[in-house]
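Reckoned from all heavy atoms, side chains included, excluding hydrogens, waters and symmetry mates. Lettering of chains follows the sequences in order, A, B, ..., and the numbering in each one begins at 1.
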Amino acid sequence: MQLITCPWCGPREENEFRYGGQAGLEYPADPAALDDEQWARFVFFRDNPEGAFAERWCHDAGCRRWLRAVRDTRTYVFAETRPYGSFPRRSARPERSA
Amino acid sequence: MTSTVPPGAALPEHPDFLWRTPEPKKTYDVVIVGGGGHGLATAHYLAQKHGITNVAVLERGWLAGGNMARNTTLIRSNYLWDESAAIYEHSLKLWEGLEDDLGYPILFSQRGVLNLAHTEQDVRDSVRRVEANRLNGIDAEWLGPDEVAKICPIVNVSDDIRYPVQGATYQPRAGIAKHDYVAWGFARRADAAGIDIIQNCQVTDFVVDGDRVTGVRTTRGDIGCGTVALCAAGHTSVLLDRLGVRTPLQSHPLQALVSELLEPVHPTIVMSNAVHVYVSQAHKGELVMGAGVDGYNGYGRRGAFGVIERQMAAAVELFPVFARAHLLRSWAGIVDVTPDASPIVGHTPYENVLVNAGWGTGGFKATPGIGWAFADTVAHGRPHPLVAPFALERFVTGALVDEHGAAGVAH
Ligand SMILES: Cc1cc2nc3c(=O)[nH]c(=O)nc-3n(C[C@H](O)[C@H](O)[C@H](O)COP(=O)(O)OP(=O)(O)OC[C@H]3O[C@@H](n4cnc5c(N)ncnc54)[C@H](O)[C@@H]3O)c2cc1C
Ligand SMILES: [Zn+2]
């Protein structure tokens, strides 16, 4: 079992954390303006890269705070973890990671 | 005499020759990407049912080295919704005649499946599913705890455990098969019909002309194509990303494990969504167990040990006799999961690129059924009625086929 570094609690066992999927998704600024296609994209469609992936994790069994990680989906190695929200907010489309 | 034959020694011998190892041709009418069960079954039925044999199956590794020979081989058709019941039951009927069709032993053993219920909600959902199955002509029964114990005496049906067994659904026609033999059987027939099975050939990109794909780029050079049929399971979205086509697929590691070889103790298949484990006993004697996916996206073909620990705890609670068995090995495959736990089959924005993906944790049982229906879709350039409900568009129209209840942990 690997260790994940919580920005508040330090390195803790993987099974203390819950996975939150792709990071950087924004709730639509003007929800009423979205058509079915755009809603489908927002609700169901996520990136699924083989390689570096920017993700959300929650330290459920610890401080219960959300963090943002960059992890390689082939090796599962975390390149970084930091508090969620401490980066510039993005609007419009979800970011693409290589 | 029989008692001195070690378990598994009675398995059939393979013929010396299974398939050719051809050099890729310049172009094919149909290029199938992925030499797992679905790709190979599609190839077989293209030849057998539609006379289409100028076909290549391109496999990046070795034949059936993906999920096909990593899965736990549970075959059943007791899904809730009409759309799923139709394709899985069609598949089960093909399984029932597959050994004759392929002329190859696949060790299909219809030993039945018990899906246990542990809570009042479980009981209601299960009885509803039994009724739905019967309306679809699928064999299904609701059994109380005593009847469960009659079919599988090693299940703990006492009420002093944390989640006592309240009953189970039972599908007698469900079963298991030997996954690698199934792949080899399809491969052998496709090869005999003239189809090229090309291993160590990874598709890395596509040659695009407007809204058509005219060829695939591979690690063994470019190959021209009439139609591309994607059967790449967990790697489908990686391929479609090259074409800028987005899908709601997420790839997860799914683990399974086997015990050492034991005398026959477990006569059927038992699954439990609530305590999260399922178990059968393979022909050779291993107890074969699995549960749900690892929580995160991954392509690493391994998962966390915590997942194994949890399913072992569940197994020992349900089957106290397993406490003394030893774990022999565990492994993982990469499964492509969709938001409604149903597959994605049919057209893409590229008119000659067809996709068959999203079978997630439960596509082995569909192998002959989807091969048959996907071959028909490829041959006629329109979705066969059995796959039409599973088009990519359903995520926009909202016509989801939500099988989380019947799929869940139950593969
Ligand atoms: C541990 C585990 C247990 C499971 N248990 C069950 C079960 O009990 N019952 C059940 O019904 N289902 C089960 N499944 C699910 C089932 O295995 C899959 O749904 C099914 O095998 C998918 O179809 P396939 O056989 O074609 O996939 P695969 O065998 O994975 O075939 C896809 C192939 O495509 C190849 N490929 C990928 N990318 C490329 C590329 N770029 N170029 C060329 N080739 C490529 C891969 O190497 C692979 O061989 C289980 C899966 C796992 C991992
Ligand atoms: Zn923390």
Structural part of Glu14(A) lying under 4.5 Å from a heavy atom of chain B:
side chain
Quick check on Trp62(B): does its CH2 atom have over 12 non-hydrogen neighbours (other residues, nucleotides or ligands) under 6.0 Å away?
no
Are any non-hydrogen side-chain atoms of Tyr296(B) and Thr73(A) less than 4.5 angstrom apart?
no
Shortest non-hydrogen contact from Asp47(A) to Gln250(B)?
O-NE2, 3.0 Å
On the 0 to 90° scale, with breaks at 30° and 60°, tag the Phe44(A)-Phe395(B) ring pair as parallel, tilted or perpendicular.
perpendicular
Could you give the distance from CZ (Arg246(B)) to CZ (Arg46(A)), rounded to the nearest 0.5 Å?
8.5 Å
Taking side chain as C-beta onward, heavy atoms only, is Asp36(A) less than 4.5 Å from Thr397(B)?
no
Which atoms of Arg71(A) approach chain B - backbone, side chain, both or neither, heavy atom under 4.5 Å
side chain
Please determine which of Asp241(B), Thr236(B), Asn297(B) meets the side chain to side chain donor-acceptor pair (under 3.5 Å) test together with Asn48(A).
Asn297(B)
Interatomic distance, Ile334(B) atom CD1 to Arg74(A) atom CZ [nearest 0.5 angstrom]:
12.5 Å
Expected contact set for residues 302-310 of chain B against chain A at heavy-atom separation under 4.5 Å reads Arg302(B), Ala304(B), Gly306(B)
Counting only N and O atoms by type, is there a donor-acceptor contact under 3.5 Å from the side chain of Tyr76(A) to the main-chain atoms of Gly300(B)?
yes
Comparing Ser251(B), Ser237(B), Gly398(B) against chain A, the one with the most heavy-atom pairs below 4.5 Å turns out to be Ser251(B)
Over 12 foreign heavy atoms within 6.0 Å of CZ, Phe78(A):
yes
